[in-house]
Number of protein chains: 2
Amino acid sequence: MDGFPEMPQEEEKVNRALVTELNGSLPDEEMFYRLSELYKVFGDSTRIKILYVLFEAEMCVCDIAALLGMTQSAISHQLRVLKQSQLVKFRRDGKTIYYSLDDDHVRTIIGMGIEHLTEEA
Amino acid sequence: MDGFPEMPQEEEKVNRALVTELNGSLPDEEMFYRLSELYKVFGDSTRIKILYVLFEAEMCVCDIAALLGMTQSAISHQLRVLKQSQLVKFRRDGKTIYYSLDDDHVRTIIGMGIEHLTEEA
DNA sequence: CTCTCACTTGAACATCTGTTCATATGTTAT
DNA sequence: ATAACATATGAACAGATGTTCAAGTGAGAG
C-alpha cells in the first residue's frame, strides 16, 4: 500500500504543514488537564450560583444555603471544590465562616460566558 | 421554639439585609443552568485541546485526531458537543469537513483560565 | 453502479459527579 | 463539664460523561 503518492491540492499542503508545525509546539498534557479541571468547577450550576452571589459580598455557608434553597451540606461540599481551585477564600468569625471570591478572573470568565449566551441568534 | 428573638450583632444585620435583597434580584434558574452547561464544555481536556489547536487555523477531523493522538470517532463526538454550544463551526470541502472557532469569547475564556493557573503560588 | 475515504452516529461500558444522610469537628455560651 | 450552633466530612446512591466499537451517512473516483 501507499504505492501511489497522490498529489494533494495546494490547500491541503498548507494545512499539512501547519499540522506538522503545531505537533511540535503544543503545550504539555498537564496544562490541558489543569485547564479542564478548572472549567469543570464552573460546570455546575450550584457552584456558578455560589460564585455569583459572592460577587456582591462575602457570605457564610448558611446564608448561601438559604439563598439558593439547598442544604448546608451540599453547599459546604461545593465550597470545598471552589476552595481547592482557589476561586474562593474564607475567614472565620466565631462559629461562622465567611466565604468570598479569591480571584478577579472569576468575574471575567463568567462575564464572557454570559456574553456568549446572550449573543446567540 | 423561636421564643427568644436573639439580637444579632451589627455585622450580621447588614449581611442579613443583603441576603434578603439578593434573594429578590437573582437571575433565573435557566440562566445559571445555561452558564454551567457552557462551562461543562470547557471542562474536558480533549475539547480544550481541540479548541486550542483551532486557535491557529481551521482543521479537518482527521488532522485533529492525528494531532491529539485520538480516534476520529472520539474527536467527532466532541466536535458535536462544541458545535451544539456554538463554539465551533464547519464547512464542507468535498469529503473533508473543516472545523474552526465560531466565537471570540473562547480565546478570552481560555486566556483567563491560563492566567488563573499561572498566577497561583 | 461499486469502492473508498472522511466523517457521523448509536449503543455499551466504565468512570466520574453531586446530592443526601449520618456523623464528626470546632466554637461559643451556660 | 454539657448544650447549641455553624460547618465539615465520609459513605452511598443515582445520574451524567467520555471513550470504544460497530454500523451508518455522504461525497468523489473509477
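Every chain is numbered from 1, with letters handed out A, B, ... down the list of sequences.
We find that CZ of B:R80 is positioned 11 Å from P of D:dG18, with the value rounded to whole Å. When rounded to the nearest whole Å, the span between CZ of A:R92 and P of D:dC5 equals 16 Å. Nucleotide C:dC7 holds its P atom 11 Å from the CD1 atom of B:I75, rounded to whole Å. A straight line from OH of A:Y98 to C1' of D:dC5 spans 13 Å, rounded to a whole angstrom. Here D:dT25 presents its P atom at 15 Å from CD1 of B:I97, a figure rounded to the nearest Å. D:dA27 atom P lies 16 Å from atom CZ of B:R91, rounded to whole Å. Regarding B:F90, its CZ atom lies at a distance of 18 Å from the P atom of C:dA6, rounded to whole Å. Whole-Å rounding puts the B:Q72 CD to C:dT8 C1' distance at 9 Å.
Listed pair A:Q78 / C:dT19 meets the phosphate criterion, a side-chain N or O lying under 4.0 Å from OP1 or OP2.
Annotation: cation-pi geometry satisfied between A:R107 and A:F55 (NZ/CZ under 6.0 angstrom from ring centroid, within 45° of ring axis). Both the sub-6.0 Å distance and the 45° axial angle are not jointly satisfied by A:K89 relative to the ring of A:Y99.
Near DNA chain C, meaning a heavy atom under 4.0 Å away, there are no residues from residues 44-56 of chain B.
Residues B:L51 and B:F42 meet the side-chain proximity criterion, which asks for heavy atoms closer than 4.5 Å.
Checking A:E37 against A:A74, the closest nucleotide of DNA chain C that is more toward the 5' end is the one next to A:E37. With DNA chain C read from its 5' end, the first of the two nearest nucleotides for A:T71 and B:S76 is the one closest to B:S76. Between A:K95 and A:L79, the residue anchored closer to the 5' end of DNA chain D is A:K95, taking for each the nucleotide with the nearest heavy atom.
Comment: A:K49 engages B:E29 in a salt bridge, judged by a side-chain N to carboxylate O separation of less than 4.0 angstrom.
Donor-acceptor pairing under 3.5 Å, judged by distance alone, is present between the side chain of A:S73 and the base of C:dC21. With hydrogens and angles ignored, a donor-acceptor pair closer than 3.5 Å exists between the side chain of A:H77 and the base of C:dT20.
With ring centers used as reference points, A:F32 lies under 6.0 Å from B:Y52.
Separation of atoms CD (B:E119) and CG (A:D104) is listed at 9.0 Å; rounding is to 0.5 Å.
B:Y99 comes within contact range of the sugar-phosphate backbone alone, with a heavy-atom separation under 4.0 Å but no base atom that close.
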Could you list the donor-acceptor pairs under 3.5 angstrom formed between side-chain atoms of residues 67-76 of chain B and any protein atom two or more places apart in sequence or on another chain?
{"residue": "B:T71", "atom": "OG1", "partner": "B:A74", "partner atom": "N", "Å": "3.1"}

